[in-house]
Colleague: 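Quick one: the structure is below, and I'll ask about it shortly.
Values below: all heavy atoms of this structure, side chains included; hydrogens, waters and symmetry mates excluded. All figures in this text were calculated on a predicted structure; none of them were measured in a lab.
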Amino acid sequence: PIEQYMYDLVVLGGGSGGLAAAKQAAELGARVAVFDYVTPSPKGTKWGLGGTCVNVGCIPKKLMHQAALLGEAVHEAAAFGWVIPDIKSVQINWEALSVAVQNHIKSVNWVTRVDLKNKKVEYINALGYFKDPHTIGGIMKNGEENVVTAKNILIAVGGRPKYPDIPGAIENGITSDDIFSLSQPPGKTLIVGAGYIGLECAGFLNGLGYNTTVMVRSIILRGFDQQMANIIAEEMEQRGVHFIYQAKPKLIKKEADGILVHWVDKLGQVQKDVYDTVLFAIGRRALTKDLKLENAGVICIPDDDKIDAVDEQTNVPHIYAVGDILHKKPELTPVAIHAGKLLSKRLFANSSETMDYTNIATTVFSPLEYGCVGLSEEQANIIYGEDNIEIYHAYYKPTEFFIPQKDNSHCYLKVVTLRNNDQKVIGMHFIGPNAGEVIQGFATAIKSNLTFPILKSTVGIHPTSAEELIRVFITKRSKMDPKPQS
Ligand code: FAD
Ligand code: NA7
């Protein structure tokens, strides 16, 4: 029979979610094409195939975090007996770091392309848009339009950093799209925004030795447990990050000696300072505008331009969406990947498994890391009521902190449980080294209906920081001191 459509699935966006769905579909025998196109940032930064995570997100962020941790480790090593000549002159070579990071990214871009080829997924380097509900067009580099038809279409175009609407912001500021490939060292840096991206960038820049300031509009890490968020900010402050609270930028202007920033402080007074780099981390805008969704009848939420899908299906039955483009879903790579794979299995392998967006663990690499899964204390209070939850908490001392006399006053954890018979664990929060590694396994335990008695019956691995989550016994309600006794 003559096929009605050129492809079984066309994916708009070759990032975490789109590529995972495309590869899974192709493995299941579907005919698949992926459109991926990167619009350069206002500073002109552009990158290859693979989306945000690989090029300007998780991967370069984690590598720069690691670079900052290694700087710390050099000094710790001296305390452990390593002979490091002239330790005072140890410093980062920014150019070498950014070249190493960019080389790794280019190798991932290449492997991704080869992988698509091997899996027979057609890669089309063009900005795709809907011509009608089953037809996608995209202008390619040679100026020609590539038009394809598809039975199913997946929207996975993600988002890009926002700029504030103030004079000079776009001309003189950068975002996370630019920082990882900056050719010059960033120098004295102002970061506007105290979400996880702002804090992580501030953390590694300070760790690399740059004078770093975070401008906070209201609270730290909105959406995260606020006690943990404030401990993270205190810890960063102790390491040398400056915080300007309750402040809003007003004007950004290039001057002979740097970038002049005016901001309004909490008293309504205008303050100013000069920086070498101003980085905006004030949230991300969904890229639905370029898609001409109206040609396909797909509806967006007007507030955030995102798509409100049910089991990743939009209001148009054969058009789906995964990843950062989804309304009120966690903006995380593994979420996009998992949802994308499950969707392709439902479309092409008769699977009925749907994506569970609850109890997704995450970590802020801040640089003392904060990992969490499940509910924050505030959310648990709202959902279950204060009388029905028990919070266990503890400060602890990582063994490896003793010899170099590293400050451990912010190594803190908390376990949120229900108070009924089962004492189900509904949230776990951990600040300390390798928090991401620590929390990952506990996320599986929570998904398997972990209870507090089971947690307590687990035997720890000594000496680790993770075992502290098992040793916890002091409730907040008891008002006992959660500081370690020894
Ligand atoms: P994306 O990965 O953004 O991919 C979308 C792709 O579509 C892009 O290549 C885009 O250029 C392209 N595109 C857009 N419009 C079109 C169009 N019309 N036609 C064709 N192509 C188009 N998540 C984590 O889990 N852990 C982390 O540690 C982490 N750190 C992060 C750090 C930073 C600085 C940032 C910015 C993000 C971080 N994230 C992290 C979030 C993670 O990167 C995203 O959640 C993830 O990349 C979303 O995947 P996606 O498939 O929805 O979109
Ligand atoms: P987030 O997590 O949305 O955080 C944005 C931060 O920027 C937050 O602290 C905001 O303060 C602040 N913000 C927002 N708009 C402004 C303006 N105009 N001026 C100053 N400060 C501002 O974004 P991220 O970039 O960290 O993360 C991107 C996404 O990844 C995010 O959507 C998460 O879901 C995951 P507020 O608390 O609103 O006062």
Side-chain angles (χ1 to χ4, degrees), residues 69 196 199-200 203 220-221 223-239 359-381 384 386 389-402 406-419 423-448 450-486:
L69 291 183
Y196 87 88
L199 291 196
E200 288 183 336
I220 303 275
L221 287 177
F224 287 83
D225 187 289
Q226 283 300 294
Q227 184 195 8
M228 305 308 275
N230 290 323
I231 294 175
I232 284 300
E234 266 174 45
E235 211 270 335
M236 290 177 69
E237 206 152 2
Q238 189 168 309
R239 285 171 183 249
N359 288 325
I360 285 156
T362 187
T363 291
V364 184
F365 296 88
S366 40
L368 186 64
E369 300 174 7
Y370 164 36
C372 60
V373 57
L375 300 184
S376 66
E377 189 173 341
E378 295 89 342
Q379 287 167 335
N381 276 332
Y384 295 102
E386 227 170 290
I389 62 165
E390 198 77 88
I391 310 283
Y392 295 88
H393 66 159
Y395 284 91
Y396 65 96
K397 297 179 175 179
T399 312
E400 62 273 27
F401 279 31
F402 283 103
K406 277 180 76 164
D407 181 86
N408 56 23
S409 59
H410 301 105
C411 292
Y412 176 75
L413 57 88
K414 106 180 155 180
V415 177
V416 185
T417 74
L418 293 180
R419 280 184 93 198
Q423 290 179 267
K424 194 170 170 182
V425 177
I426 53 173
M428 293 179 93
H429 302 265
F430 178 93
I431 294 177
N434 306 308
E437 313 295 341
V438 168
I439 280 294
Q440 180 67 84
F442 286 108
T444 305
I446 286 195
K447 264 200 130 33
S448 317
L450 178 67
T451 64
F452 193 67
I454 293 176
L455 183 72
K456 292 302 295 176
S457 74
T458 308
V459 177
I461 304 171
H462 189 67
T464 63
S465 296
E467 70 175 324
E468 304 291 344
L469 274 166
I470 285 159
R471 293 179 51 186
V472 70
F473 68 97
I474 295 174
T475 63
K476 277 198 172 176
R477 187 170 271 107
S478 74
K479 305 236 162 38
M480 273 170 70
D481 184 4
K483 293 245 155 58
Q485 299 309 307
S486 56

Colleague: Taking the side chain as everything from C-beta on, heavy atoms only, tell me whether Ile391 gets closer than 4.5 Å to Thr475.
Modeller: no
Colleague: Is there any side chain to side chain donor-acceptor pair (under 3.5 Å) pair reaching into residues 363-376, and which pairs are they, with sequence neighbours excluded?
Modeller: His65-Glu369, Tyr370-His429, Ser376-Glu378, Ser376-Gln379
Colleague: Test of understanding: with side chain to side chain contact (heavy atoms under 4.5 Å, CB included), list the residues that count as partners of Glu237, not counting sequence neighbours.
Modeller: Phe243, Tyr245
Colleague: Side chains of Leu455 and Gln423: closer than 4.5 Å at any heavy-atom pair?
Modeller: no
Colleague: Give me the atom names and distance for the closest heavy-atom approach of Pro367 to Arg239.
Modeller: CG-NH1, 3.6 Å
Colleague: For the atom pair CZ (Phe365) and CG (Leu69), what is the distance rounded to the nearest 0.5 Å?
Modeller: 10.0 Å
Colleague: Using 0.5 Å steps for rounding, measure from the OG1 atom of Thr417 to the CG atom of Leu375.
Modeller: 11.5 Å
Colleague: Just do the side-chain contact (heavy atoms from CB on, under 4.5 Å) check on Ile232 and Ile220 with the steps written out, would you?
Modeller: CA-CA 9 Å; Ile232 284 300; Ile220 303 275; 5.5 Å; no
Colleague: For residues Met428 and Val415, report the shortest heavy-atom separation together with the two atoms involved.
Modeller: CE-CG2, 4.2 Å
Colleague: When you measure from the side chain of Glu468 to the backbone N and O of Lys397, does any donor-acceptor pair fall under 3.5 Å?
Modeller: no
Colleague: To the nearest 0.5 Å, how far apart are CZ in Phe402 and CG in Asn408?
Modeller: 6.5 Å
Colleague: With sequence neighbours left out, what residues match Asp407 under side chain to side chain donor-acceptor pair (under 3.5 Å)?
Modeller: Gln238, Ser409
Colleague: Are there over 12 heavy-atom neighbours, none belonging to Phe473, within less than 6.0 Å of that residue's CZ?
Modeller: no
Colleague: With Lys476, which residues qualify under side chain to side chain donor-acceptor pair (under 3.5 Å), at least two apart?
Modeller: Gln227, Glu377
Colleague: State, yes or no, whether a side-chain contact exists between Leu368 and Pro433 at a heavy-atom distance under 4.5 Å.
Modeller: yes
Colleague: For the SG atom of Cys411 and the CZ atom of Phe430, what is their distance to the nearest 0.5 Å?
Modeller: 7.0 Å
Colleague: Which heavy atom of Ala229 sits nearest a heavy atom of Leu221, and at what distance?
Modeller: CB-CB, 3.8 Å
Colleague: Would you say CD of Glu234 has more than 12 non-hydrogen atoms from neighbouring residues, nucleotides or ligands within 6.0 angstrom?
Modeller: yes
Colleague: To the nearest 0.5 Å, how far apart are OG1 in Thr451 and CD1 in Ile446?
Modeller: 11.0 Å
Colleague: Apply the test ring pair (Phe, Tyr, Trp, His ring centres under 6.0 Å) to residues Tyr396 and Phe401: give CA-CA distance (whole Å), side-chain angles for both, the deciding distance (0.1 Å), then the verdict.
Modeller: CA-CA 11 Å; Tyr396 65 96; Phe401 279 31; 8.2 Å; no
Colleague: Which pairs count as salt bridge (charged side-chain N to carboxylate O under 4.0 Å, His left out) when at least one residue sits in residues 430-446, sequence neighbours excluded?
Modeller: none
Colleague: Do Glu235 and Ile431 have side chains that approach each other closer than 4.5 Å (heavy atoms only, starting at C-beta)?
Modeller: no
Colleague: Using side chain to side chain donor-acceptor pair (under 3.5 Å) as the criterion, list what pairs up with Glu467, not counting sequence neighbours.
Modeller: His462
Colleague: Provide the closest heavy-atom pair for Gly460 versus Ile470 in the form atom of the first, atom of the second, distance.
Modeller: CA-CD1, 4.3 Å
Colleague: List the residues meeting ring pair (Phe, Tyr, Trp, His ring centres under 6.0 Å) with Tyr392, not counting sequence neighbours, and say none if there are none.
Modeller: Phe452
Colleague: Looking at CD1 of Ile439 and OG1 of Thr362, how far apart are the two atoms once the value is rounded to the nearest 0.5 Å?
Modeller: 10.5 Å
Colleague: Taking only residues two or more places apart in sequence, or in another chain, which ones meet Tyr395 in a ring pair (Phe, Tyr, Trp, His ring centres under 6.0 Å)?
Modeller: Tyr412
Colleague: Within the 4.5 Å heavy-atom criterion, are Leu418 and Ile389 side-chain neighbours or not?
Modeller: yes
Colleague: Ring pair (Phe, Tyr, Trp, His ring centres under 6.0 Å) with His410: which residues, sequence neighbours excluded?
Modeller: none
Colleague: Look only at the side chain of Ser478 and the backbone of Ile474, and say whether a donor-acceptor pair between them is shorter than 3.5 Å.
Modeller: no
Colleague: Could you list the residues that satisfy side chain to side chain contact (heavy atoms under 4.5 Å, CB included) with Ala445, not counting sequence neighbours?
Modeller: Leu450
Colleague: Considering residues at least two apart in sequence or located in another chain, which fulfil the side chain to side chain donor-acceptor pair (under 3.5 Å) criterion with Arg471?
Modeller: none
Colleague: Is there any side chain to side chain donor-acceptor pair (under 3.5 Å) pair reaching into residues 452-461, and which pairs are they, with sequence neighbours excluded?
Modeller: none
